[in-house]
Amino acid sequence: MIQKYEYKVIPAPAKGRKGPGIKGAEGRFAHGLETAINELALEGWEYLRADILPSEERQGLTSSQTVYRSMLVFRRPLELEGVDSPPPLPWDDHEEEELESAAEADEIEDNQDDTPDDDADGTDDDGTPRPDLPPRD
């Protein structure tokens, strides 16, 4: 059975966090990031990655601008027995059908003749030019 996960995305800390023995802006920033990751890890969330993603935001009354935000991505396994899990997503119902369709397409592709085309030079088997192709120089 394939393990299923739920995901959580939070904004990365914008400021550092003071702590004992931590010096400099870089150290405080690392400490703030570490604290955010460890807090979620205590709840069972596994840190996956940080992403910078575009976010379109309104600027004034009539215009908008794209702002890039740093986000932290976490995941944790879904409990499959007896625990409430989020409702199924619309594409979950079709996952098995898609896998079967992909397997069928691979099988059809594997069964096709892999020999090169004899008319790659624009002629029929007997060497006469094919009327549907322009003449080759």
Side-chain angles (χ1 to χ4, degrees):
M1 176 174 249
I2 296 175
Q3 176 65 57
K4 293 189 178 190
Y5 296 92
E6 62 179 323
Y7 293 85
K8 183 174 196 127
V9 179
I10 64 168
K15 288 184 170 184
R17 193 176 220 175
K18 293 181 180 180
I22 298 173
K23 298 185 185 218
E26 193 173 74
R28 286 190 299 273
F29 183 76
H31 180 63
L33 193 57
E34 181 181 319
T35 302
I37 291 171
N38 284 333
E39 286 173 354
L40 286 168
L42 289 173
E43 297 174 19
W45 294 100
E46 173 188 3
Y47 172 74
L48 283 181
R49 67 179 175 271
D51 281 328
I52 298 173
L53 300 169
S55 171
E56 192 160 318
E57 297 181 2
R58 184 181 296 188
Q59 182 180 22
L61 295 175
T62 59
S63 64
S64 63
Q65 70 177 10
T66 301
V67 176
Y68 291 88
R69 305 220 178 264
S70 296
M71 308 300 285
L72 303 178
V73 182
F74 297 83
R75 76 174 183 182
R76 69 178 171 192
L78 285 174
E79 299 295 327
L80 299 176
E81 296 177 341
V83 177
D84 290 335
S85 61
L89 299 171
W91 54 84
D92 282 348
D93 296 340
H94 305 290
E95 187 174 313
E96 287 182 30
E97 292 172 13
E98 289 173 5
L99 290 174
E100 289 172 4
S101 296
E104 289 172 4
D106 287 343
E107 186 176 318
I108 291 169
E109 188 174 301
D110 290 343
N111 291 336
Q112 289 180 347
D113 186 14
D114 292 334
T115 58
D117 290 338
D118 292 335
D119 63 339
D121 62 351
T123 62
D124 284 335
D125 293 338
D126 62 357
T128 58
R130 288 184 43 195
D132 59 330
L133 295 175
R136 290 187 76 177
D137 292 327

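Side chains are part of it too, since the values below use all heavy atoms of this structure and drop only hydrogens, waters and symmetry mates.
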Whether over 12 other heavy atoms sit under 6.0 Å from I52 CD1:
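No - once you tally the heavy atoms of other residues, nucleotides and ligands closer than 6.0 Å, there are 12 at most.
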
Distance in Å, E46 CD paired with R76 CZ, rounded so as to fall on 0.5 Å steps:
12.5 Å

For the residue pair S64 and E56, what are the closest heavy atoms and their distance?
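In terms of heavy atoms, the two residues are closest at OG-OE2, 3.1 Å.
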
Determine whether L40 and I10 make a side-chain contact, defined as any pair of heavy atoms from C-beta on separated by less than 4.5 Å.
yes

Distance check, rounded to the nearest 0.5 Å: E57 atom CD versus R69 atom CZ?
4.0 Å

F74 and its ring pair (Phe, Tyr, Trp, His ring centres under 6.0 Å) partner, picked from Y7, Y47, W45, Y5
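Per the ring pair (Phe, Tyr, Trp, His ring centres under 6.0 Å) rule, the option paired with F74 is Y47, out of Y7, Y47, W45, Y5.
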
How many angstroms lie between atom CD of E39 and atom CD of E34, to the nearest 0.5 angstrom?
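Answer rounded to 0.5 Å: 11.0 Å.
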
Gap between atom NE2 of H31 and atom CG of N38 - 0.5 Å precision:
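It is 9.5 Å, given to the nearest 0.5 Å.
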
Restricting to non-hydrogen atoms, name the atom on E6 and the atom on L78 that form the minimum distance, rounded to 0.1 Å.
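Here E6 and L78 meet closest at CB-CD2, 3.8 Å.
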
What pair of heavy atoms forms the shortest contact from P13 to L72, and how long is it?
CD-CD1, 4.1 Å

Give the cluster check for L48 versus L53: same hydrophobic cluster or not, with ILVMFWY residues linked at side-chain heavy-atom distances below 4.5 Å.
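Yes, one cluster joins them.
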
Tell me whether the count of non-hydrogen atoms from other residues, nucleotides or ligands lying under 6.0 Å of CD in Q65 goes above 12.
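Enclosed: over 12 neighbouring heavy atoms sit under 6.0 Å from CD of Q65.
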
